[in-house]
Q: 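Just dropping this structure here.
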Amino acid sequence: MNMKVKKGDKVIITAGKDRGKSGKIMQAIPSDGAVVVQSLNMRKVHIRPKKQGEKGQIISKESPLDVSNVMLICPQCSKPTRVGYQVSKGSKSRVCKKCKETI
Ligand SMILES: [Zn+2]
């Protein structure tokens, strides 16, 4: 799947319980069309005790979000935007559809 966002991008969430919040992409998962955004879409995860006598733990962990539920925040104009592509000299670069800057 063609991913318009990548690791390190700042995105805003457009659907779900964290709608309107923004964060940085920690991990992009092109095979699932999903991204993991730092501190967002948290889910409780049970950790089993490793040894006898140890207690299990419940921790909060980011779970992947569908890439269609996030929108890139342009680093140039700081607005949520759609991503376009520009091809020049055989290489493809991403452009912001709002300010037309390369991002
Ligand atoms: Zn822009």
Side-chain angles (χ1 to χ4, degrees):
M1 185 179 169
N2 178 28
M3 301 271 283
K4 292 196 169 180
V5 290
K6 58 181 195 271
K7 189 178 170 181
D9 280 346
K10 202 178 171 197
V11 292
I12 186 162
I13 294 175
T14 57
K17 69 180 169 77
D18 283 332
R19 185 180 167 165
K21 293 184 186 170
S22 59
K24 204 166 122 183
I25 295 181
M26 295 167 64
Q27 195 191 353
I29 313 160
S31 55
D32 293 339
V35 289
V36 177
V37 184
Q38 196 166 35
S39 304
L40 293 178
N41 203 31
M42 301 300 279
R43 182 173 55 108
K44 296 249 190 293
V45 182
H46 289 254
I47 307 286
R48 286 174 177 280
K50 290 189 190 89
K51 290 180 211 151
Q52 224 174 9
E54 259 183 19
K55 276 187 181 166
Q57 285 185 71
I58 299 171
I59 59 160
S60 288
K61 196 174 184 300
E62 290 91 350
S63 54
L65 281 156
D66 196 282
V67 74
S68 64
N69 293 337
V70 303
M71 205 171 193
L72 182 74
I73 296 176
C74 171
Q76 301 290 341
C77 64
S78 306
K79 287 178 188 146
T81 184
R82 287 179 188 280
V83 176
Y85 288 98
Q86 205 168 44
V87 180
S88 66
K89 292 172 195 152
S91 67
K92 203 160 83 166
S93 55
R94 295 192 310 177
V95 292
C96 168
K97 288 211 171 172
K98 288 211 170 123
C99 68
K100 314 288 179 201
E101 290 285 341
T102 304
I103 48 176

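Being a predicted model, the structure only gives us computed values, none of them experimental. Values reported hereafter were calculated over all heavy atoms of this structure, with side chains retained and with hydrogens, waters and symmetry mates removed. In this chain, residues are counted from 1 in sequence order.
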Q: Between Gln76 and Cys99, is any pair of side-chain heavy atoms under 4.5 Å apart?
A: yes
Q: Rounded to the nearest 0.5 Å, how far does CZ of Arg19 lie from CG of Asn69?
A: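 Separation between the atoms: 10.0 Å.
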Q: How many angstroms lie between atom CD1 of Ile12 and atom NZ of Lys10, to the nearest 0.5 angstrom?
A: 8.5 Å
Q: Under a single-linkage definition using a 4.5 Å side-chain heavy-atom cutoff for Ile, Leu, Val, Met, Phe, Trp and Tyr, are Met71 and Val5 assigned to the same hydrophobic cluster?
A: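 They do not share one cluster, since no chain of ILVMFWY contacts under 4.5 Å joins Met71 to Val5.
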Q: Determine, using the 4.5 Å side-chain heavy-atom cutoff (strictly less than), whether Val70 and Val36 are members of one ILVMFWY cluster.
A: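 Cluster IDs for Val70 and Val36 differ.
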Q: With heavy-atom distances below 4.5 Å as the criterion, would you say the side chains of Ile103 and Val95 are in contact?
A: no
Q: If Ile, Leu, Val, Met, Phe, Trp and Tyr residues are connected whenever their side-chain heavy atoms lie under 4.5 Å apart, and connections chain through other members, are Leu65 and Met3 in the same group?
A: yes
Q: Say whether, by atom type as modelled, one donor and one acceptor occur between the side chain of Asp66 and the main chain of Ser68 under 3.5 angstrom.
A: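 Yes, because the side chain of Asp66 sits within donor-acceptor range (under 3.5 Å) of the backbone of Ser68.
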Q: Mind checking what makes salt bridge (charged side-chain N to carboxylate O under 4.0 Å, His left out) contact with Lys21, not counting sequence neighbours?
A: Asp18
Q: Are Leu40 and Leu72 joined in one hydrophobic group, where the rule is that I, L, V, M, F, W and Y side chains link up if heavy atoms are under 4.5 Å apart?
A: yes
Q: Looking at every non-hydrogen atom in both residues, tell me the closest pair between Ser22 and Ile73 and how far apart they are.
A: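 Smallest heavy-atom distance, with atoms named: CB-CD1, 3.7 Å.
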Q: Sequence neighbours left out, what pairs pass side-chain hydrogen bond (donor to acceptor under 3.5 Å, both in side chains) with at least one residue falling in residues 41-64?
A: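 For residues 41-64: Asn41-Ser63.
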Q: Can you list every side-chain hydrogen bond (donor to acceptor under 3.5 Å, both in side chains) pair that touches residues 80-96, not counting sequence neighbours?
A: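 Residue pairs with at least one partner in residues 80-96: Asp9-Arg94.
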Q: Can you tell if the side chain of Val45 reaches within under 4.5 Å of the side chain of Ile58, non-hydrogen atoms only?
A: no
Q: Return the NZ to SG distance between Lys98 and Cys77, rounded to the nearest 0.5 Å.
A: 7.0 Å
Q: If Ile, Leu, Val, Met, Phe, Trp and Tyr residues are connected whenever their side-chain heavy atoms lie under 4.5 Å apart, and connections chain through other members, are Val83 and Ile25 in the same group?
A: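 Same hydrophobic cluster.
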Q: Taking C-beta and beyond as the side chain, do Ile47 and Ile59 meet within less than 4.5 Å on heavy atoms?
A: yes
